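Beneath this line is the structure, given in structure tokens, with notes to follow.
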Amino acid sequence: MVAISLPDGSQRQYDGPVTGLDIARDIGPGLAKASLACTVDGAPWDLTRPIDRDAAVTLVTGKDEAGLELIRHDAAHVMAEAVQELYPGTQVTIGPAIENGFYYDFARDEPFTPEDLAAIEARMRAIVDRDEAIVREEWDRDEAIAWFKARGEHYKAEIIADLPAGEPLTIYRQGDWLDLCRGPHLPSTGKLGKAFKLTKLAGAYWRGDSRNPMLQRIYGTAWATDNQLKDYLHMLEEAEKRDHRRLGREMDLFHFEDYAPGSVFWHDKGWTLFQTLIQFVRRRQAAAGFQEVNTPDMMDRTLWEVSGHWQNYRENMFTTKTEDERDFALKPMNCPGHMAVYKCALRSYRDLPLKIAEFGKVHRYEPSGALHGLMRVRSFTQDDAHVFCTPDQLRAECLKLNTLILGLYEDFGFEQLTIKLATRPEKRVGSDDLWDAAEGALQGVLDEVVARSDGRVKASVNPGEGVFYGPKLEYVLRDAIGRDWQCGTVQVDFNLPGRFDAGYVGADGDRHVPVMIHRAMFGSLERFTGILIEHYAGRFPLWLAPTQVVVATITGDADGYASEVAAALRAAGLRVDVDLRNEKINYKVREHSHVKVPVIAVVGKREAEERTVALRRLGGASQEVLALDRARDTLKHEALPPDLARRDAAVPATGMVQVA
RNA sequence: GCCGCAGUAGCUCAGCUGGUAGAGCAACGCAUUCGUAAUGCGUGGGUCGGGGGUUCGAGUCCCUCCUGCGGCACCA
């Protein structure tokens, strides 16, 4: 007897071994049809694999996340079968399910072409039509290795050889084709359905290591229903519409040139946005006790040797030799410059913590394949700072930085965060004792931050991902369409101050070495601007919009008044354009809406006579007619950056103009 | 850096197997003064990414370099 308990609490008795499919059939033909796999006491289990003991069984369908994953995994297998049918001699390697889809890495001398994708997809559909039974088999390890080797499947043989000995090794057979796989799988290829599509071709290193040969990866997406597939493809189109490279051109924010790969040409509007962000950070960090400095972009090699960059970061640095044979480097980081500022005076413990900030433009030679719009560039501006403090102050200072950073993100609506602790890398300076201390300090900070965050902040570890001089906390934020971006960092550094022979006089009158904390909040201002463009899809909140208001006339009669309106709004600090062109108002509204101007102030004869403006919000269909003074005050208030808005809210309004 | 793909007017793109370039939008000019997402007519604009080669002849074929796109690797 086998007793099966189901998720609804019911129990079923069977005389002997039973399969998930049997159980599903007993419950109903609809469920039998919909079931893809099951779990047995929580473990994934093939639908047709016998269960010979009492167990809790759950049936998995395409509606479950686990079911979708099965579909994607099977899609990978079916694709591999199709590829090997069409292109004999191609070796299979690995093919997992991933978010929204799957991929499979193949080894083949001939490159796949985009046209091949269509052929492969067609063959996949044929395999689904064949409805081949997918059968689980347990094989002996050595036999499996020999079997794959005999067929020239060297990668697969290598994978099996690396599997821990003693564990049962499972092979899934579908038709004439088979693959090593942990499973589970669908009962047959027909169950896969046809809601899939091959999406892209790419190279990928064997085992993810750039020293290994490059394989050919084919990506696809797969879903339980055609509608889900359609929705997903539609979502991709929408994401493309908010691509910052496209919006940057359409909104006239910036451009790139072939002769400066990875360096931005900011246009007036983009630079206005960029500077607005800098002003915002500047106010916030000044309030937190930072002083702002500026250090040279180019410094002598000897400085970089002291810092260790010349030895550890050279391949990322732009260097130059001058006529007099001196080596210089464009700064890839601001820390050595800030060390110089710190060191140029005798520091006492009373000066600590000393917080030095700089909107420093750094240059890094990034691999050509890494460049990507504003997101990955070779010259960028960091909202960088270094906190020099005593070891006793370290923890409290890290916590203060955390508060500052999280507060900043909230003002842009980024509330879901992951903070990763990146620990010591292989290539590093300093003793293990120092690394132990630094990693311990950050772990402690992280634990406290997570504990106090009400679940908004998640923590994880990135082993070996620290910088060569110290471990770091990486702040990863999630944007409006669910993508994660690493922006801020807090790095603890017990090394650089010593290398630079920096010191302070303690309360005991002796000389001590300070601890240094490196921090960036937005990280790269260029990249953060790109993230914001995509996050807001170009529809910036009023305070960030490069052009906040366009005053547009209906007829030439209103030109004089329009200029008056613009002057009044500009006097209130707003960024205003005037559109006096001899065009229809429809045309003007359409054009300014396309470039995402948040407010269009329409003025015609009527408004001129009544001294009003008709405000039209981006995306809105209606207008609001306000007296000019009223419109000015409303917009001025709305255009306040969040920090200044809070300050104003905290101070009872007096009707007096506030001086920033 | 590696794999694949691409580079034609400001933008989006067409240009079959080689026979010295085309559309829409934008721009400019003229007319139109028209109340909330495209007024009409007209005009100009390209050494087809750079260099080299094959050919009587190259946007089209070959080589090479550059840049971009999608991944991989790397990373803010």
Side-chain angles (χ1 to χ4, degrees), chain A residues 103 105 108 110-117 199-219 240 243 245-246 249-250 252 255-262 315-316 332-333 362 364-384 422 462 465 467 472 474-476 485-489 518 520-528 530-531 552-559 580-594 600-607 614-623 625:
Chain A
Y103 67 78
D105 286 347
R108 176 181 181 234
E110 282 280 291
F112 290 114
T113 67
E115 293 74 53
D116 293 338
L117 290 193
T199 51
K200 52 201 170 194
L201 273 169
Y205 296 108
W206 167 235
R207 299 201 150 159
D209 190 325
S210 61
R211 289 167 299 195
N212 287 340
M214 181 152 283
L215 307 169
Q216 297 190 64
R217 175 172 298 178
I218 302 177
Y219 282 95
E240 201 181 313
D243 188 310
R245 293 164 299 189
R246 176 196 184 120
R249 185 177 56 239
E250 288 174 1
D252 194 20
H255 84 279
F256 289 89
E257 296 274 353
D258 286 358
Y259 42 71
E315 68 271 25
N316 290 297
M333 297 185 193
V362 295
R364 298 182 187 173
Y365 181 78
E366 298 293 340
S368 57
L371 302 182
H372 181 93
L374 295 178
M375 303 306 194
R376 194 74 184 275
V377 291
R378 284 180 175 160
S379 35
F380 60 99
T381 311
Q382 288 182 313
D383 55 343
D384 203 2
N462 265 350
E465 299 287 314
V467 204
K472 60 178 174 176
E474 302 176 330
Y475 287 74
V476 179
W485 300 97
Q486 197 217 300
C487 292
T489 69
H518 307 244
M521 302 192 287
F522 290 164
S524 152
L525 265 300
E526 280 76 359
R527 187 162 81 129
F528 197 76
I531 293 169
T553 54
I554 292 173
T555 71
D557 295 342
D559 286 1
L580 302 182
R581 290 175 304 170
N582 176 13
E583 295 290 352
K584 286 183 162 182
I585 192 63
N586 284 305
Y587 181 88
K588 295 186 184 181
V589 164
R590 179 182 153 86
E591 204 167 73
H592 299 302
S593 298
H594 272 157
I600 301 175
V602 177
V603 295
K605 219 179 273 179
R606 201 156 63 221
E607 285 77 11
L615 298 186
R616 186 193 211 281
R617 307 290 175 148
L618 178 59
S622 62
Q623 315 114 48
V625 180

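All values derive from a computational prediction rather than experimental measurement. Chain identifiers are assigned alphabetically (A, B, ...) following the order of the sequence lines, protein sequences preceding nucleic acid strands; residue numbering begins at 1 within each chain.
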Close N/O contacts between protein and nucleotides 23-27 of chain B (under 3.5 Å):
none

Is [X] touching bases, backbone alone, or none of the nucleic acid, heavy atoms closer than 4.0 Å?
X: A/Lys605; result: base
X: A/Val362; result: nothing
X: A/Glu250; result: nothing
X: A/His592; result: nothing
X: A/Ala552; result: nothing
X: A/Leu201; result: base
X: A/Pro111; result: sugar-phosphate

Just the rounded figure in Å: distance from [atom2] of [N] to [atom1] of [X].
X: A/Glu474; N: B/C75; atom1: CD; atom2: P; value: 10 Å
X: A/Arg376; N: B/C69; atom1: CZ; atom2: P; value: 13 Å
X: A/Glu583; N: B/C28; atom1: CD; atom2: P; value: 10 Å

Which of the following nucleotides, [options], is nearest to the side chain of [X]?
X: A/Val602; options: B/A76, B/G71, B/G35; value: B/G35
X: A/Thr489; options: B/A37, B/C75, B/A76; value: B/A76
X: A/Pro114; options: B/C5, B/G35, B/U39; value: B/C5
X: A/Tyr219; options: B/A37, B/A76, B/G71; value: B/G71
X: A/Asn586; options: B/G1, B/U39, B/C75; value: B/U39
X: A/Arg616; options: B/A76, B/G71, B/U36; value: B/U36
X: A/Ile585; options: B/G70, B/A38, B/G35; value: B/G35
X: A/Glu366; options: B/A76, B/A37, B/U36; value: B/A76
X: A/Arg217; options: B/G70, B/C74, B/C72; value: B/C72
X: A/Arg249; options: B/C11, B/C5, B/U36; value: B/C11

For the side chain of [X] and the backbone of [Y], is there at least one donor-acceptor N/O pair under 3.5 Å apart?
X: A/Thr553; Y: A/Gly556; value: no
X: A/Glu591; Y: A/Lys588; value: no
X: A/Arg364; Y: A/Asn316; value: no
X: A/Thr199; Y: A/Tyr219; value: yes
X: A/Arg245; Y: A/Arg249; value: no
X: A/Glu474; Y: A/Ala422; value: no

| said: Judged by each residue's nearest nucleotide on RNA chain B, which is more toward the 5′ side, A/Met214 or A/Gln623? | reply: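 Per heavy-atom nearest nucleotide, the more 5' residue is A/Met214.
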| task | Using heavy atoms to find the nearest nucleotide of RNA chain B for A/Asp243 and A/Asn316 separately, return the residue whose nucleotide is more 5′. | result |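 Counting from the 5' end, the first nearest nucleotide belongs to A/Asp243.
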Pairing partner of [N] (Watson-Crick or G-U wobble, both distances under 3.5 Å):
N: B/A73; result: none
N: B/A58; result: none
N: B/G45; result: none
N: B/A23; result: B/U12
N: B/G18; result: none
N: B/C5; result: B/G68
N: B/C30; result: B/G40

[N] to [M] separation - [atom1] atoms, rounded to the nearest Å:
N: B/A6; M: B/U60; atom1: P; answer: 14 Å
N: B/A58; M: B/G49; atom1: P; answer: 15 Å
N: B/A27; M: B/U12; atom1: C1'; answer: 16 Å

| field | Side-chain touch A/Glu250/A/His594, heavy atoms, less than 4.5 angstrom | value |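 A/Glu250 does not reach A/His594 side chain to side chain.
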| request: Could you tell me whether the side chain of A/Lys472 reaches within less than 4.5 Å of the side chain of A/Val467, counting heavy atoms only? | output: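 A side-chain contact under 4.5 Å exists here.
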Please state whether the phosphate of [N], meaning OP1 or OP2, lies under 4.0 angstrom from any side-chain nitrogen or oxygen of [X].
X: A/Lys584; N: B/A37; answer: no
X: A/Tyr365; N: B/G1; answer: yes
X: A/His372; N: B/G71; answer: no

| query | Residues two or more places apart in sequence or in another chain: which of them pass side chain to side chain donor-acceptor pair (under 3.5 Å) with A/Asn212? | reply |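 Result, side chain to side chain donor-acceptor pair (under 3.5 Å) vs A/Asn212: none returned.
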| Are there more than 12 heavy atoms of other residues, nucleotides or ligands under 6.0 Å from atom CD of A/Glu257? |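 Atom CD in A/Glu257 is crowded, with more than 12 foreign heavy atoms closer than 6.0 Å.
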Would you tabulate the pairs of protein nitrogen or oxygen atoms and nucleotide nitrogen or oxygen atoms of nucleotides 40-46 of chain B closer than 3.5 angstrom?
none

Check nucleotides 59-68 of chain B for protein N or O atoms closer than 3.5 Å to its own N or O atoms and list the pairs.
residue : atom : partner  : partner atom : Å
B/U67   : O2'  : A/Asp258 : OD1          : 2.6

Which atom of [X] lies closest to which atom of [Y], heavy atoms considered:
X: A/Leu201; Y: A/Ile218; answer: CD2-CG1, 3.7 Å
X: A/Leu525; Y: A/Asp383; answer: CD2-N, 3.6 Å
X: A/Met375; Y: A/Ile531; answer: CE-N, 3.6 Å
X: A/Val377; Y: A/Gly373; answer: CG1-O, 3.1 Å
X: A/Ser593; Y: A/Val589; answer: OG-O, 2.6 Å

| message | Could you work out, with ring pair (Phe, Tyr, Trp, His ring centres under 6.0 Å) as the rule, every residue matching A/Phe522, not counting sequence neighbours? | response |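 Partners of A/Phe522 under the ring pair (Phe, Tyr, Trp, His ring centres under 6.0 Å) test: A/Phe412, A/Phe528.
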| said: On the side chain of A/Glu607, is there an atom forming a donor-acceptor pair with the base of B/G35 - under 3.5 Å, no angle test? | reply: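 Side chain to base: pair found, below 3.5 Å.
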| message | If we check side-chain hydrogen bond (donor to acceptor under 3.5 Å, both in side chains) with A/Glu366, which of these qualifies: A/Arg378, A/Arg376, A/His372? | response |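 The residue from A/Arg378, A/Arg376, A/His372 that satisfies side-chain hydrogen bond (donor to acceptor under 3.5 Å, both in side chains) with A/Glu366 turns out to be A/Arg376.
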| Could you give the distance from OH (A/Tyr205) to CG (A/Leu215), rounded to the nearest 0.5 Å? |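 A/Tyr205 OH to A/Leu215 CG: 11.0 Å, rounded to 0.5 Å.
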| field | Contacting residues from residues 203-212 of chain A, given that a heavy atom lies under 4.0 angstrom of RNA chain B | value |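 Output list: A/Gly203, A/Ala204, A/Tyr205, A/Gly208, A/Ser210.
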